[in-house]
Amino acid sequence: MKKRLSALILAVVTATMTLTGCGTKASSENVFRVGMEAGYAPFNWTQLDDSNGAVKIEGSSEYAGGYDVEIAKKIADSLGKELVIVKTEWDGLVPSLTSGKIDAIIAGMSPTEERKETIDFSDVYYKSDLVMLVKNGGAYDNATTLNDFSGAKITAQLNTFHYSVIDQIPSVNKQPAMDNFPAMRVALESGVIDGYVTERPEALSAQMANDNFKMIEFKDGFVTSEEDTAIAVGVQKGSELKDKINEILKGISEEERLEIMDTAIKNQPAAQ
């Protein structure tokens, strides 16, 4: 009797574990996990509440907002999945994707040939120009050409093509690359650097958030490739998500994309 009872208990436990496992798998299939820095306004940022459609960051009491979040929401809705934002350092985004910790990177990432060796990219969902962010009222706030930054202390974010183009500035005083944009803004305001290379939306965002900053646009600026200034969604190699995401992106008009970006710039927290 005792032996039969033990067998019955074992059968019940096994069945329960099987059902639980199936439930977990089904749950994971209904989630779209997106990695981003949540620190690159207006593409993505961190805030304290869910205002303006911000999405809660996994494992945190904070929320993520911005252009990338709005694009991620549209993709998740069309896929019929719940959006989960996974806040990840820039250097950790590709490893998180390849290891399966996230389903996609939507973080203002350019589909460079080097990255394409490791992951796949969707079609472009935004294009931007390179500019320089300097201190308003500083020595370079009237600059109009790359030559005007000769001798200037210039940097950009680590492991981005922004950093490589600094070498196009004659006699530039190239500074070590920095981990993130908040750190570069602090360095710029304190005078540690004279400027940093960035994309127009980020510079415009910084300028609007802080009167001490000024965006410098160039008529004849940095020489870049089309892939460098484009932004796309990163997915695992061979993922079926690529085609699905491309179909969803086709349904977002250029006019709507610009409207989303304008709204993101307007809604960014002042601290960003």
Side-chain angles (χ1 to χ4, degrees), residues 36-47 66-68 87-93 107-110 112 114-115 126-225 228-229 231 261 264-265 268-272:
M36 62 179 63
E37 287 178 281
Y40 181 36
F43 289 98
N44 51 78
W45 65 70
T46 301
Q47 61 184 60
Y67 183 83
D68 289 329
K87 188 173 182 177
T88 309
E89 291 294 327
W90 179 260
D91 283 350
L93 286 170
M109 181 173 281
S110 299
T112 63
E114 182 179 359
R115 291 186 183 124
Y126 194 82
K127 286 196 68 176
S128 186
D129 296 321
L130 288 185
V131 298
M132 190 82 75
L133 191 73
V134 302
K135 197 166 184 178
N136 193 19
Y140 299 93
D141 71 343
N142 289 318
T144 58
T145 69
L146 295 183
N147 288 334
D148 291 333
F149 286 96
S150 177
K153 296 178 291 184
I154 304 298
T155 190
Q157 188 181 26
L158 183 68
N159 292 329
T160 65
F161 84 98
H162 300 170
Y163 191 67
S164 65
V165 301
I166 295 175
D167 296 327
Q168 296 179 26
I169 303 173
S171 303
V172 68
N173 185 356
K174 190 176 184 179
Q175 299 295 295
M178 303 186 74
D179 288 336
N180 54 62
F181 285 84
M184 288 192 288
R185 293 186 186 185
V186 170
L188 177 57
E189 193 162 19
S190 64
V192 173
I193 58 174
D194 296 314
Y196 68 81
V197 179
T198 183
E199 293 176 67
R200 190 179 186 279
E202 192 279 332
L204 182 59
S205 172
Q207 180 178 270
M208 292 180 65
N210 191 330
D211 291 338
N212 289 325
F213 297 141
K214 182 177 179 180
M215 177 179 66
I216 302 296
E217 297 184 85
F218 305 102
K219 184 177 180 181
D220 296 308
F222 296 105
V223 176
T224 62
S225 65
D228 284 336
T229 54
I231 290 170
M261 178 58 79
I265 292 172
Q268 65 167 347
Q272 297 289 325

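What you see below is based on every heavy atom in this structure, not just the backbone, and it leaves out hydrogens, waters and symmetry mates.
Using a 4.5 Å heavy-atom threshold, the side chains of Ile216 and Val131 count as separate. Side-chain contact between Ser225 and Phe161: absent, with no pair of heavy atoms (C-beta onward) separated by less than 4.5 Å. Between Ile166 and Val197 the shortest side-chain heavy-atom distance falls below 4.5 Å. Residues Phe222 and Ile169 are in side-chain contact: their nearest non-hydrogen atoms beyond the backbone lie under 4.5 Å apart.
In this structure, the side chain of Trp90 does not engage the main chain of Asn180 through any donor-acceptor pair within 3.5 Å. Using a distance-only test at 3.5 Å, with no hydrogens or angles considered, a donor-acceptor pair links the side chain of Gln168 to the main chain of Val223. A donor-acceptor contact shorter than 3.5 Å is absent between the side chain of Asn210 and the backbone of Ala206. Panel note: side chain Asn44, backbone Met36; no donor-acceptor pair is recorded below 3.5 Å. Side chain of Asp148 to backbone of Thr145: a donor-acceptor contact under 3.5 angstrom is found. The backbone N or O of Met215 sits nowhere less than 3.5 Å from a side-chain atom of Glu217 that would complete a donor-acceptor pair. Side-chain atoms of Asp141 never come within 3.5 Å of backbone atoms of Lys214 as a donor-acceptor pair (strictly under, hydrogens ignored). In this structure, Lys127 contributes its side chain and Thr229 its backbone to no donor-acceptor pair below 3.5 Å. Between the side chain of Ser205 and the backbone N or O of Pro201, no donor-acceptor pair lies under 3.5 Å. Put simply, the side chain of Ser171 never gets that close to the backbone of Ser150: no donor and acceptor are under 3.5 Å apart.
In this structure, Arg115 and Ser110 approach most closely via the heavy-atom pair NH1-O, 2.8 Å.
Ring pair Phe218/Phe149 is perpendicular by interplanar angle, where above 60° counts as perpendicular and below 30° as parallel.
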Please assess Leu93 against Met109 for the test side chain to side chain contact (heavy atoms under 4.5 Å, CB included), listing each intermediate value before the final yes or no. CA-CA 10 Å; Leu93 286 170; Met109 181 173 281; 4.2 Å; yes
- Message: Does Ile265 form a side chain to side chain contact (heavy atoms under 4.5 Å, CB included) with Met261? I'd like the steps, not just the answer.
- Response: CA-CA 6 Å; Ile265 292 172; Met261 178 58 79; 4.1 Å; yes
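With Tyr40 as the partner, the side chain to side chain donor-acceptor pair (under 3.5 Å) test is satisfied by one option alone out of Glu199, Glu202, Gln157: Glu199.
Side-chain contact of Lys174 with Thr155: a donor-acceptor pair under 3.5 Å is absent, judged by distance alone. For Asn212 and Asn136, the side-chain atoms include no donor-acceptor pair closer than 3.5 Å.
For Glu189 and Lys135, the salt-bridge test fails: no basic side-chain N is under 4.0 Å from an acidic carboxylate O.
For the pair Lys153 and Tyr196, the cation does not sit on the ring face, since its NZ or CZ is not both under 6.0 Å from the ring centre and inside 45° of the axis.
Legend: residues meeting ring-ring contact (aromatic ring centres under 6.0 Å, His included) with Phe213, ordered by chain and number and at least two apart, are absent.
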